[in-house]
Amino acid sequence: MAKYSVNDGAVAKARELIDARQYVLDSDWGDVQPRADDQNSYLESHSWEDYAQWHLGLTEGATDGTKARYAFVYGDLRRLHRTGLIACVYRAAEWRHKDVEVAAYELLQYLDDKTGLKPSRSTAGA
């Protein structure tokens with residue numbers, strides 16, 4: 001199974017997008033996540049460094065500047081999607097990539113806090 005490290009540049013980019021309100025709160029991730037054609041079009045006018053910033057995971061052992069290097073996309077290459085973060089949390093948790101799971105979860109909490117989504121009851125002391 002592939003191993004992943006957290007892409008700190010992508011985490012910083014996601015926070016910047018949240019702070020700039022460049023996000024979508026409600027979307028069907030299955031419909032909006034970037035497909036191969038979308039990624040290829042993006043790479044025609046952007047650098048691999050730009051492309052990397054849309055992926056929370058870096059595949060260990062894969063070469064920079066290849067699609068195989070980047071995993072756990074969280075946006076549509078234009079805006080962050082809340083459902084993209086949820087998908088990253090889920091996928092990383094499912095395959096036990098704990099560092100990526102925690103990074104995605106923390107970004108999800110940051111987004112929810114910035115947009116005013118709070119729990120209706122406290123779990124403190126539970």
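In this chain, numbering begins with 1 at the start of the sequence shown.
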Tell me, do [X] and [Y] make a side-chain contact under 4.5 Å, heavy atoms counted?
X      : Y      : value
Pro34  : Val73  : yes
Leu80  : Val24  : no
Asn7   : Val100 : no
Val6   : Asp8   : yes
Leu25  : Thr115 : yes
Leu107 : Arg15  : yes

Check this for me: [X], atom [atom1], are more than 12 non-hydrogen atoms of other residues, nucleotides or ligands nearer than 6.0 Å?
X      : atom1 : answer
Tyr105 : OH    : no
Arg96  : CZ    : no
Glu94  : CD    : yes
Trp48  : CH2   : yes

Hey, what do you get for [atom1] ([X]) to [atom2] ([Y]), rounding to the nearest 0.5 Å?
X      : Y     : atom1 : atom2 : result
Ser5   : Leu56 : OG    : CG    : 11.5 Å
His55  : Cys88 : NE2   : SG    : 9.0 Å
Asp112 : Ile18 : CG    : CD1   : 9.0 Å
Leu111 : Arg21 : CG    : CZ    : 12.0 Å
Gln22  : Lys13 : CD    : NZ    : 9.0 Å

Worksheet item: Which pairs count as ring-ring contact (aromatic ring centres under 6.0 Å, His included) when at least one residue sits in residues 3-29, sequence neighbours excluded?
Response: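 For residues 3-29: Tyr4-Phe72, Tyr4-His97, Trp29-His81.
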Discussion item. Parallel, tilted or perpendicular, judged at 30° and 60°: which one describes the rings of Tyr42 and Trp54?
Written reply: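 Rings of Tyr42 and Trp54: perpendicular, over 60°.
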Item to complete: Can you see which heavy atom on Tyr70 is nearest to which on Thr59, and at what distance?
Response: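 Distance-wise, the nearest heavy atoms are N-OG1, 4.2 Å.
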Discussion item. Show the nearest heavy-atom pair for residues Tyr74 and Ala10, with the distance to one decimal.
Written reply: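 What the structure gives for the nearest pair is OH-O, 3.6 Å.
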Worksheet item: Okay, side chain of Asp113, backbone of Gln109: is any donor-acceptor separation there less than 3.5 Å?
Response: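 No; zero donor-acceptor contacts below 3.5 Å.
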Worksheet item: What pairs meet the salt bridge (charged side-chain N to carboxylate O under 4.0 Å, His left out) rule with one or both residues in residues 57-81, with sequence neighbours excluded?
Response: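 Listed by first then second residue: Asp64-Arg69, Asp76-Arg79.
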Discussion item. For a side-chain contact (heavy atoms from CB on, under 4.5 Å) check, start with the C-alpha distance between Leu43 and Asp50, then their side-chain angles and the critical distance, and finish with the verdict.
Written reply: CA-CA 9 Å; Leu43 284 166; Asp50 293 337; over 6 Å; no
Worksheet entry | Val89-Leu85 co-clustered via ILVMFWY side chain contacts under 4.5 Å |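 Each belongs to a different hydrophobic cluster.
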Fill in: Pair Asp19 + Lys114, salt bridge at N-O below 4.0 Å
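So Asp19 pairs with Lys114 through a salt bridge.
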